[in-house]
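Throughout, numbering of the chain's residues begins at 1 and tracks the sequence.
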Amino acid sequence: MPSTSRNPLVVGRVIGEVIDPFESSIPFRVSYGNREINNGCELKPSQVVNQPRVSVGGDDLRNSYTLVLVDPDSPSPSNPNFREYLHWLVTDIPATTGASFGNEVVSYESPRPTMGIHRLVFVLFRQQYRQRVYAPGWRQNFNTREFAELYNLGLPVAAVFFNCQRETGSGGRTF
């Protein structure tokens, strides 16, 4: 079993601040244009204006998944009092397809950080059954763990994150 200390989701504090420890159990790919997202990579706001392409693996179309995209560093990493900011919520994504085949509950809002380096976290949950999911009243202060508990989603089955900062920013987190 690999050491969790080398897991980029642990190093990047995604596990701990956004989600609980889990075992990735399904292929999951996210890409903006021709750039596939790998944990900890850096993208500028101009690269994430358009909704990403999300591919969910699996082998049984009867299984459905829920996708959440949050920013735990909003409005700034040193003062994240909007943690977590909800950028996208899609439910009922059939296995072997992508987010475009699901039910968009909260439309995609492109990240536009103004201060510091923000982590943008995609989390995928397997749904136990199809159910009506209600859009939260606002995007700020969303809580992925509470959302998963409310809709009986259990632990994530996959997650990936990237770093984003304003266009004129330089440098970034490295792992």
Side-chain angles (χ1 to χ4, degrees), residues 8-9 12-22 24 26 28-32 37 39-56 64-94 97-128 130-166 173:
L9 295 171
R13 297 183 333 275
V14 170
I15 289 178
E17 291 184 11
V18 179
I19 53 179
D20 292 324
F22 72 99
S24 185
I26 191 160
F28 178 54
R29 295 179 60 201
V30 178
S31 57
Y32 284 94
I37 301 303
N39 283 318
C41 71
E42 183 166 329
L43 295 173
K44 297 289 187 186
S46 61
Q47 296 173 290
V48 297
V49 169
N50 297 317
Q51 181 175 303
R53 188 173 61 252
V54 174
S55 300
V56 177
S64 294
Y65 295 86
T66 293
L67 173 71
V68 173
L69 171 60
V70 294
D71 176 352
D73 301 315
S74 182
S76 74
S78 60
N79 185 26
N81 58 3
F82 290 164
R83 175 178 292 167
E84 301 156 23
Y85 190 89
L86 179 63
H87 282 274
W88 200 21
L89 175 58
V90 183
T91 63
D92 301 325
I93 304 168
T97 69
S100 60
F101 291 89
N103 174 33
E104 190 175 63
V105 176
V106 175
S107 63
Y108 178 77
E109 181 180 305
S110 62
R112 294 182 300 275
T114 56
M115 292 173 43
I117 300 166
H118 291 238
R119 295 163 293 163
L120 278 296
V121 184
F122 291 89
V123 184
L124 189 70
F125 295 95
R126 181 169 180 257
Q127 297 171 207
Q128 303 305 312
R130 294 183 91 123
Q131 61 184 317
R132 180 154 176 90
V133 172
Y134 296 93
W138 48 86
R139 291 177 184 257
Q140 67 269 22
N141 300 119
F142 181 82
N143 186 302
T144 301
R145 285 185 183 99
E146 289 177 4
F147 173 81
E149 186 176 331
L150 178 64
Y151 291 104
N152 299 306
L153 297 172
L155 291 173
V157 294
V160 66
F161 81 100
F162 68 93
N163 294 315
C164 189
Q165 63 181 321
R166 60 189 170 85
R173 289 188 176 111

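Contact of the V30 side chain with the R53 side chain is not registered, since no non-hydrogen atoms from C-beta on lie closer than 4.5 Å. Within the 4.5 Å cutoff, side-chain heavy atoms of D73 are placed close to those of R83. P77 is listed as a side-chain neighbour of H118, based on a closest heavy-atom distance under 4.5 Å. The closest side-chain heavy-atom distance from P45 to P113 is below 4.5 Å. Using a 4.5 Å cut-off on side-chain heavy atoms (C-beta onward), P80 and P72 make no contact. Side-chain contact between H87 and P111 is present, with heavy atoms from C-beta onward closer than 4.5 Å. The closest side-chain heavy-atom distance from F82 to D71 is not below 4.5 Å. Side chains of T66 and L153 form a contact here, defined as non-hydrogen atoms less than 4.5 Å apart.
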For this session: Go through the steps for L150 and Y134 under the test side chain to side chain contact (heavy atoms under 4.5 Å, CB included), then give the verdict.
Result: CA-CA 11 Å; L150 178 64; Y134 296 93; over 6 Å; no
For this session: Take I15 and F22 through the side chain to side chain contact (heavy atoms under 4.5 Å, CB included) test and state the conclusion after the steps.
Result: CA-CA 9 Å; I15 289 178; F22 72 99; 4.3 Å; yes
Exercise. Yes or no on side chain to side chain contact (heavy atoms under 4.5 Å, CB included) for I26 and Y65, after CA distance, side-chain angles and deciding distance?
Worked result: CA-CA 11 Å; I26 191 160; Y65 295 86; 3.0 Å; yes
Problem set entry | side chain to side chain contact (heavy atoms under 4.5 Å, CB included) between L89 and F147, worked out | CA-CA 11 Å; L89 175 58; F147 173 81; 3.7 Å; yes
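Closest approach of A148 to G154, counting heavy atoms only: CB-O, 3.8 Å. The two residues Q51 and E104 come nearest to each other via the heavy atoms OE1-OE2, 3.3 Å.
A donor-acceptor pair under 3.5 Å is formed between the side chain of E84 and the backbone N or O of T144. Although no hydrogens or angles enter the test, the distance criterion places a donor-acceptor pair under 3.5 Å between the side chain of R139 and the main chain of L86. A side-chain donor-acceptor contact under 3.5 Å links N39 to the backbone of F161. Using a distance-only test at 3.5 Å, with no hydrogens or angles considered, no donor-acceptor pair links the side chain of R126 to the main chain of V157. Using a distance-only test at 3.5 Å, with no hydrogens or angles considered, no donor-acceptor pair links the side chain of D20 to the main chain of P156.
The environment of E149 atom CD is sparse: at most 12 non-hydrogen atoms of other residues, nucleotides or ligands sit within 6.0 angstrom.
Checked against the 6.0 Å centroid criterion, the rings of F162 and Y32 qualify as a close aromatic pair.
Residues satisfying the side-chain hydrogen bond (donor to acceptor under 3.5 Å, both in side chains) criterion with S55, sequence neighbours excluded, are absent altogether.
Below 30°, between 30° and 60°, or above 60°: for F122 and W88 the angle between ring planes is above 60°, a perpendicular geometry.
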